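Report on the following structure.
Please read these numbers as outputs of a predicted model, since none were measured by experiment. Because only heavy atoms are used, hydrogens play no part in the values below, and waters and symmetry mates are left out as well, while side chains stay in.
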Amino acid sequence: MMERFSMLVAVHLFLIKEDKILLSRRFNTGYGDGCYSVVAGHVEGNETVIKAMQREAKEEVNITIEDNQLKIVQVMHRKCVGHERIDYFFLCNKWNGNIINNEPSKCDDLSWFSIHELPVNMVDYVNYAINNYLNNVSFSLFGW
């Protein structure tokens with residue numbers, strides 16, 4: 001029997017306050033190092049995308065987010081070298097706790113940026129996703 005095709009699933013968090021978005025500069029990860037991205041991670045087995053996003057937010061920036069504080073604003077089908085991914089992008093304007101960099105070995109800067117003036121050194125598909133969010137695009141293809 002032939003093995004079924006499968007894709008990796010990831011979650012990304014657009015933490016936004018007063019027209020600013022929280023970005024983290026990747027460091028020592030092996031992917032996109034030196035570029036800004038958002039709080040993100042992979043969905044684990046037996047875990048919903050909402051629970052994965054809540055777990056990643058707690059692990060990376062020490063905040064807790066209630067289910068009703070997360071809104072999916074975009075789904076991206078992304079083609080990478082050797083595999084494909086499905087990325088869920090969540091919007092969150094309200095959370096509990098103080099934001100701190102819980103992973104200094106993977107992130108060397110955690111800062112708020114104007115959502116309309118992103119740094120030039122952005123992870124490409126995250127930059128694309130933020131621009132899609134600003135233009136009310138809820139589904140996108142990237143890398144095809």
Side-chain angles (χ1 to χ4, degrees), residues 1-95 99 101-144:
M1 179 180 255
M2 199 160 99
E3 188 175 325
R4 285 194 165 192
F5 173 76
S6 64
M7 285 190 265
L8 295 172
V9 179
V11 292
H12 302 75
L13 186 59
F14 294 168
L15 278 178
I16 297 178
K17 71 172 185 177
E18 300 169 5
D19 216 27
K20 293 187 185 284
I21 186 167
L22 184 70
L23 298 178
S24 60
R25 189 169 53 205
R26 298 179 64 85
F27 171 72
N28 202 30
T29 68
Y31 176 81
D33 291 335
C35 294
Y36 283 94
S37 188
V38 293
V39 171
H42 294 103
V43 177
E44 296 178 354
N46 204 31
E47 180 180 57
T48 68
V49 292
I50 292 168
K51 294 300 178 200
M53 191 74 273
Q54 291 167 321
R55 175 181 50 76
E56 291 292 347
K58 187 65 175 172
E59 287 175 6
E60 293 186 21
V61 293
N62 200 48
I63 59 172
T64 56
I65 304 171
E66 300 299 322
D67 291 7
N68 64 359
Q69 295 170 330
L70 287 170
K71 177 184 176 191
I72 295 174
V73 292
Q74 186 176 169
V75 176
M76 180 184 288
H77 183 184
R78 185 162 49 105
K79 188 171 179 100
C80 306
V81 177
H83 67 282
E84 296 175 32
R85 293 175 177 254
I86 295 291
D87 296 302
Y88 289 87
F89 294 86
F90 288 88
L91 173 65
C92 179
N93 303 105
K94 185 179 176 189
W95 54 87
I99 293 172
N101 182 0
N102 267 354
E103 296 184 330
S105 64
K106 296 179 183 178
C107 167
D108 66 358
D109 183 42
L110 190 64
S111 300
W112 293 96
F113 290 87
S114 167
I115 197 162
H116 301 287
E117 295 176 29
L118 300 174
V120 294
N121 56 328
M122 288 284 301
V123 170
D124 56 359
Y125 77 90
V126 173
N127 187 49
Y128 185 69
I130 292 170
N131 284 312
N132 282 340
Y133 163 70
L134 292 172
N135 290 296
N136 295 311
V137 175
S138 60
F139 174 78
S140 64
L141 298 171
F142 188 87
W144 291 90

- Query: Are Asn101 and Glu60 close enough, and set up right, to give a side chain to side chain donor-acceptor pair (under 3.5 Å), and what steps lead you there?
  - Reply: CA-CA 6 Å; Asn101 182 0; Glu60 293 186 21; over 6 Å; no
Compare all side-chain heavy atoms of [X] with those of [Y] and state whether any distance is below 4.5 angstrom.
{"X": "Val39", "Y": "Ile63", "answer": "no"}
{"X": "Met7", "Y": "Glu84", "answer": "yes"}
{"X": "Ile16", "Y": "Ile115", "answer": "yes"}
{"X": "Leu13", "Y": "Ile65", "answer": "yes"}
{"X": "Lys58", "Y": "Thr64", "answer": "yes"}
{"X": "His116", "Y": "Leu134", "answer": "yes"}
{"X": "Phe90", "Y": "Leu15", "answer": "no"}
{"X": "Met53", "Y": "Val49", "answer": "no"}

- Message: Could you work out, with ring-ring contact (aromatic ring centres under 6.0 Å, His included) as the rule, every residue matching Phe89, not counting sequence neighbours?
- Response: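 Here the qualifying residues are His12, Phe14.
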Minimal non-hydrogen separation, [X] against [Y], with atom names:
{"X": "Asn28", "Y": "Ser105", "result": "CB-O, 3.5 Å"}
{"X": "Asn121", "Y": "Gly34", "result": "ND2-O, 2.8 Å"}
{"X": "Gly30", "Y": "Asp33", "result": "N-OD2, 3.0 Å"}

So how far is it from [X] [atom1] to [Y] [atom2], rounded to the nearest 0.5 Å?
{"X": "Trp95", "Y": "Leu70", "atom1": "CH2", "atom2": "CG", "value": "11.5 Å"}
{"X": "Lys20", "Y": "Ser111", "atom1": "NZ", "atom2": "OG", "value": "10.5 Å"}
{"X": "Lys71", "Y": "Ile50", "atom1": "NZ", "atom2": "CD1", "value": "13.5 Å"}
{"X": "Ser24", "Y": "Lys106", "atom1": "OG", "atom2": "NZ", "value": "11.0 Å"}

- Task: Please report the C-alpha distance between Cys35 and Arg26 in whole Å, then the side-chain angles of each, then the deciding distance to 0.1 Å, and finally whether the side chain to side chain contact (heavy atoms under 4.5 Å, CB included) criterion is met.
- Result: CA-CA 6 Å; Cys35 294; Arg26 298 179 64 85; 5.5 Å; no
- Side-chain ion pair, Arg55 and Glu47, N-O less than 4.0 Å: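 Counted as a salt bridge, because a side-chain N and a carboxylate O are separated by less than 4.0 Å.
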- Do NZ/NE/NH1/NH2 and the carboxylate oxygens of Lys51 and Asp67 come within less than 4.0 Å?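 Salt bridge: yes.
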- Going through the checks in order, is the side chain to side chain contact (heavy atoms under 4.5 Å, CB included) test met by Leu22 and Leu110? CA-CA 7 Å; Leu22 184 70; Leu110 190 64; 4.0 Å; yes
- Just by distance, do the side chain of Asn131 and the backbone of Tyr128 share a donor-acceptor pair under 3.5 Å?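 Answer holds: no.
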Considering only distance and modelled atom types, tabulate donor-acceptor pairs under 3.5 Å from the side chains of residues 137-144, sequence neighbours left out.
unit_1	atom_1	unit_2	atom_2	d
Ser140	OG	Gln74	OE1	2.7
Trp144	NE1	His77	O	3.3

- Query: Does the side chain to side chain contact (heavy atoms under 4.5 Å, CB included) test come out yes or no for Leu118 and Leu23, once each step is laid out?
  - Reply: CA-CA 9 Å; Leu118 300 174; Leu23 298 178; 4.2 Å; yes
- Starting from the C-alpha separation in whole Å, work towards a yes-or-no answer on side chain to side chain contact (heavy atoms under 4.5 Å, CB included) for Tyr125 and Met76. CA-CA 9 Å; Tyr125 77 90; Met76 180 184 288; 4.0 Å; yes
- Message: For Asn127 and Tyr36: C-alpha separation, side-chain torsions, deciding distance, then whether side chain to side chain donor-acceptor pair (under 3.5 Å) applies.
- Response: CA-CA 9 Å; Asn127 187 49; Tyr36 283 94; over 6 Å; no
- Query: Is the closest side-chain donor-acceptor distance between Arg78 and His83 under 3.5 Å?
  - Reply: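 No donor-acceptor contact under 3.5 Å links the two side chains.
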